[in-house]
Amino acid sequence: MIKASIALALIGLGVLGASLSGAVQVPFYLPLSTLALAGILIIGRDIPKFLRIFLVMIAATHVVLVLLILGATLGAITGDYTGYVPPPSAALGATAFGALVFGLSYVRVVQTVCRIADRYLDSQADSVIRIPFIGLVRAREGTIGTWMIAILIAINLAQVALNVRLSFFSRDMFNALEAKDAAAFWYQLFIIFMPLAAVFVAIALTEVLLQNVLTIRWRAFLNTYYVGEWLGDGAHYRMQIIGRGADNPDQRISEDLRKFVESTYSLSVGLMNQAATLVSFVAILWTISVGFTFPGTDVEVPGLLVWVCAGYAILGTWVTHLIGRPLIALNFEQERVEANYRFSLARLREYTEQVALLSGEPAEKEGLGKRFGQIVDNYMRIVIRLIKLNTFTSAYFQANVVVPYILTAPYYFIGKISLGQMQQVVGAFSRVESALTYFIQIYTTLADYKAVLDRLTTFEGAIASAQRIGGESKLAVTPAANRELRLRNLNVRLPDGRALMHADGLAFRPGERTLMTGPSGSGKSTLFRAIAGIWPFGEGEVLVPQGQSMMLLPQRPYIPIGTLREAVTYPAHGQAYSDAAIADALRAAKLPQIADKLDEERAWGQTLSLGEQQRLAVARALLAKPDWLFLDEATAALDEPTEAEIYQVIKEELPQTTVVSIGHRSTLAAYHDRRIDLKRAENGLSTPVDLMQPQPAE
């Protein structure tokens, strides 16, 4: 930025000096606008990187404009090429747009957009990209994204320049028709138009390719980032237990990120394109309407067509905003109710057996009907609002067809402008009006984009809250040199701060099989979560043997979607164990009927009964061979004989593993050396009591 600003300042000073000396004849504001843009670059060096890209590209465009203007002034650009030379006011417009970009950096919603976008642009991850005719190029992902955005901006600016040149082609072609000059007509068509059209098509195709490559790479990076933040350090679990988590994180990661990337690109580059269009075609309108008088009077109004076009567009934009403003909240609500309905359907699919056993289909239909009714109700509110909005915008845009003809026809009939100029005015008016009403055209997109942005920011806020709770937790899990797992002055609390359990000095000894009992709600499972390090509420310390592994099997195991091999080896890689080892573990866990289906892919969480799922989880433990195995009612769905066999298998296959179980069955006592009972006082606080327990039965 500093180098670019210095170069721009030197150009501005050079043009200013040449103008003062009389070497070139340019408007005074040309060098001054160049120096002003150099100053904007200097003070804008600390704005978000996403905006800095636009600022640098505006500066580069400004330099090109100045060089073209100087070339025409010095006589280096003549003939048909003068149609490629913008008026000096275009450089002034570029400076104004640079100031606008700098000003946008202080708008809160733009800061939020840039904060998310800059995560990608600041990425230091090594990556590669294939460039036609060059091959694979290795660079940082953020650098690749920066260059792609810059090239796409350059393409859009080139398209604006081509549109300006085509407006002059339209003028000259209609003048040739008016004069019945066949040679001039064919010259304009074949020599001027066809090369311009070929270039336009080529860069349009390039834009499509680059835009799609950029958006998928951008989305892939943000997807990896948000998934990492959500799953990192148990944030996803804490978001759920604190009850303030953002709803439907799956939708926010999959759908909202896609919309954010696509809309951020289209809206930002689209705004720049429209701004450049506005500057370029305002200059054309201003030049043509020199000497125009206000209709019905002799009063000359400089740039009359520009002011009429601006007033017309501002009125349309203001009315559109009044009508469409409620769409922002309605779109946000639509995203929420749609996500809730999808989640309900997915939840029903997961628990289809339980619903069938309870004959819960009528209740599910009623619940789904209510949720879909919320979708319909909110959708109809959106439709009603869109009807109002489209009624106005449709009428507004239909009027656009005839308004420029109504404005210019009187001047054409009195001979003030030619037919070609009239057509150029119509085209320029349409471009200027379209640029000024860009807000109208994208209003519904903006409303949806704001809703997406709000959902991403609330999702980030929920993750931040969960991370903060984890970071501020006074309940520490500390590796220690001792062989025992010991609780030191441990207070386990509920998320609302109420004390649930207190334990001090309780130790689980290696090699000993311990059974924990107690009434429901006394904190047994929560204690296991605290030992595992995922429960953040409380104080005290859990001293765990250093270098030893732990595994906790809950009552309802998690079965990932995929092959049986992946389900059994989870969370390890599917190839971490041999086929023979996995099959042996399944047979040992009393699942011989599926031991030969390792590569069969299906929804195993729905195919297997809860008892089979619990035995599959035991097979995971047999493969992993942890030093410490915590069973949180992990065999509660088994019949007593099978439960006895499973505990015997664990004892035989994992002789070095220390087992700690939670259970309510009296038969479990026979498989453990020791029993700890949680006694709950009247105030709800539980404390562990070590009970004598006979040796387990052989």
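With a 6.0 Å radius and a threshold of 12 heavy atoms from other residues, nucleotides or ligands, Gln656 has its CD atom at or below the threshold. With a 6.0 Å radius and a threshold of 12 heavy atoms from other residues, nucleotides or ligands, Arg115 has its CZ atom above the threshold. Environment of CG in Leu231: crowded, with over 12 heavy atoms of neighbouring residues, nucleotides or ligands closer than 6.0 Å.
Arg138 and Ser127 share no donor-acceptor pair across their side chains, judged by distance under 3.5 Å alone. For the 3.5 Å distance criterion, the side chains of Asp454 and Thr457 fail to qualify, holding no donor opposite an acceptor. Of the N and O atoms on the side chains of Gln467 and Glu229, at least one donor lies less than 3.5 Å from an acceptor on the other residue. Inspection of the His672 and Ser661 side chains reveals an N or O donor paired with an N or O acceptor under 3.5 Å. Looking at Ser344 and Arg371, their side chains do bring a donor and an acceptor atom within 3.5 Å of each other.
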**Prompt:** Is there a salt bridge (Lys or Arg N to Asp or Glu O under 4.0 Å) between Glu645 and Lys651 once you walk through the steps?
**Reply:** CA-CA 10 Å; Glu645 292 178 1; Lys651 180 178 180 181; over 6 Å; no
task: Give the intermediate values and the outcome of side-chain hydrogen bond (donor to acceptor under 3.5 Å, both in side chains) for residues Thr563 and Asp599.
output: CA-CA 5 Å; Thr563 63; Asp599 293 315; 5.3 Å; no
Next item on the list: Walk me through it: do Leu210 and Ile151 pass the test side-chain contact (heavy atoms from CB on, under 4.5 Å)?
Entry: CA-CA 9 Å; Leu210 284 179; Ile151 293 172; 3.5 Å; yes
| task | Give the C-alpha distance, both sets of side-chain angles, the deciding distance and a yes or no for side-chain contact (heavy atoms from CB on, under 4.5 Å) between Tyr647 and Arg513. | result | CA-CA 11 Å; Tyr647 269 98; Arg513 298 172 185 270; 5.8 Å; no
* Taking it one step at a time, do Tyr577 and Arg565 satisfy side-chain hydrogen bond (donor to acceptor under 3.5 Å, both in side chains)? -> CA-CA 9 Å; Tyr577 306 98; Arg565 178 196 309 277; over 6 Å; no
query = Going through the checks in order, is the salt bridge (Lys or Arg N to Asp or Glu O under 4.0 Å) test met by Lys259 and Glu335?
reply = CA-CA 12 Å; Lys259 289 182 178 179; Glu335 292 285 351; 2.5 Å; yes
_Step-by-step salt bridge (Lys or Arg N to Asp or Glu O under 4.0 Å) determination, Arg665 to Glu643_ = CA-CA 11 Å; Arg665 289 177 180 170; Glu643 184 177 58; 3.0 Å; yes
Margin query: Run the side-chain hydrogen bond (donor to acceptor under 3.5 Å, both in side chains) test on Arg258 and Thr215 for me, step by step, so that the C-alpha distance in whole Å, both residues' side-chain angles and the decisive distance to 0.1 Å come before the verdict.
Written below: CA-CA 8 Å; Arg258 178 186 64 81; Thr215 52; over 6 Å; no
From CA spacing to verdict: side-chain contact (heavy atoms from CB on, under 4.5 Å), Glu601, Leu564:
CA-CA 6 Å; Glu601 185 169 347; Leu564 178 62; over 6 Å; no
The test is salt bridge (Lys or Arg N to Asp or Glu O under 4.0 Å); show your working for Asp233 and Arg238 and say whether it passes.
CA-CA 9 Å; Asp233 195 29; Arg238 288 194 290 273; 3.5 Å; yes
Exercise for review: Take Phe630 and Trp628 through the side-chain contact (heavy atoms from CB on, under 4.5 Å) test and state the conclusion after the steps.
Suggested key: CA-CA 7 Å; Phe630 294 86; Trp628 294 76; 3.9 Å; yes
Stepwise side-chain hydrogen bond (donor to acceptor under 3.5 Å, both in side chains) test for Tyr226 and Arg119:
CA-CA 11 Å; Tyr226 276 95; Arg119 289 200 178 101; 3.3 Å; yes
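The two residues Arg486 and Gly505 make their nearest non-hydrogen contact at NH1-O, 3.2 Å. When all heavy atoms are compared, the tightest approach of Leu678 to Ser686 is CB-CB, 4.4 Å. Closest approach of Ala589 and Ile646 over heavy atoms only: O-CD1, 3.7 Å. Scanning both residues, His664 and Gly518, for their nearest heavy atoms gives CE1-O, 3.3 Å. Here the closest heavy-atom approach between residue Ile559 and residue Gly605 is recorded as CG2-N, 3.7 Å. In this structure, Ser123 and Phe221 approach most closely via the heavy-atom pair OG-CE1, 3.2 Å.
Between the side chain of Asp677 and the backbone N or O of Asp690, no donor-acceptor pair lies under 3.5 Å. A donor-acceptor distance shorter than 3.5 angstrom exists from the side chain of Lys625 to the backbone of Leu622, with no hydrogens or angles considered. Side chain of Ser609 to main chain of Glu612: a donor-acceptor pair is present (N/O by atom type, distance under 3.5 Å, no hydrogens or angles). The backbone N or O of Asp122 sits less than 3.5 Å from a side-chain atom of Gln124, completing a donor-acceptor pair. Judged by distance alone, the side chain of Thr264 and the main-chain N or O of Val261 form no donor-acceptor pair under 3.5 Å. A donor-acceptor distance shorter than 3.5 angstrom exists from the side chain of Gln111 to the backbone of Ser105, with no hydrogens or angles considered. Within the 3.5 Å criterion, the main-chain N or O of Ala637 finds a donor-acceptor partner in the side chain of Gln614. A donor-acceptor pair is defined here as one N or O able to donate and one able to accept, closer than 3.5 Å; no such pair exists between the side chain of Arg602 and the backbone of Thr607. Under a 3.5 Å cut-off, the side chain of Ser549 and the backbone N or O of Asp627 do form a donor-acceptor pair. A donor-acceptor pair is defined here as one N or O able to donate and one able to accept, closer than 3.5 Å; such a pair exists between the side chain of Ser473 and the backbone of Pro536.
Ring geometry, Phe260 versus Tyr449: the interplanar angle falls under 30°, so the pair is classed parallel (tilted spans 30 to 60°). A parallel orientation is assigned to the rings of Trp218 and Tyr120, their planes being inclined by less than 30° (bins at 30° and 60°). Ring pair Trp535/Phe537 is perpendicular by interplanar angle, where above 60° counts as perpendicular and below 30° as parallel.
Looking at Lys524 and Asp632, no side-chain N of the basic residue comes within less than 4.0 Å of a carboxylate O on the acidic one, giving no salt bridge. Salt-bridge check for Arg509 with Glu484: failed, with every basic side-chain N at 4.0 Å or more from each acidic carboxylate O.
Residue pairs meeting the salt bridge (charged side-chain N to carboxylate O under 4.0 Å, His left out) criterion with at least one partner in residues 539-553, sequence neighbours excluded, are Arg488-Glu541, Arg493-Glu539.
With rounding to the nearest 0.5 angstrom, the CG atom of Asp504 is 9.0 Å from the CG atom of Leu490. To the nearest 0.5 Å, atom CG of residue Leu553 and atom CD1 of residue Ile662 are 11.5 Å apart. Separation of atoms CG (Leu598) and CD1 (Ile582) is listed at 5.5 Å; rounding is to 0.5 Å. Taking CD from Glu640 and CG from Leu668, the interatomic distance works out to 8.5 Å, rounded to the nearest 0.5 Å. With rounding to the nearest 0.5 Å, the separation of CD1 in Ile531 from CZ in Arg529 is 12.0 Å.
Under the side chain to side chain contact (heavy atoms under 4.5 Å, CB included) test applied with Leu51, the options Asp118, Val56, Val110 reduce to a single match, Val110.
Here Arg45 pairs with nothing under the salt bridge (charged side-chain N to carboxylate O under 4.0 Å, His left out) rule; sequence neighbours left out.
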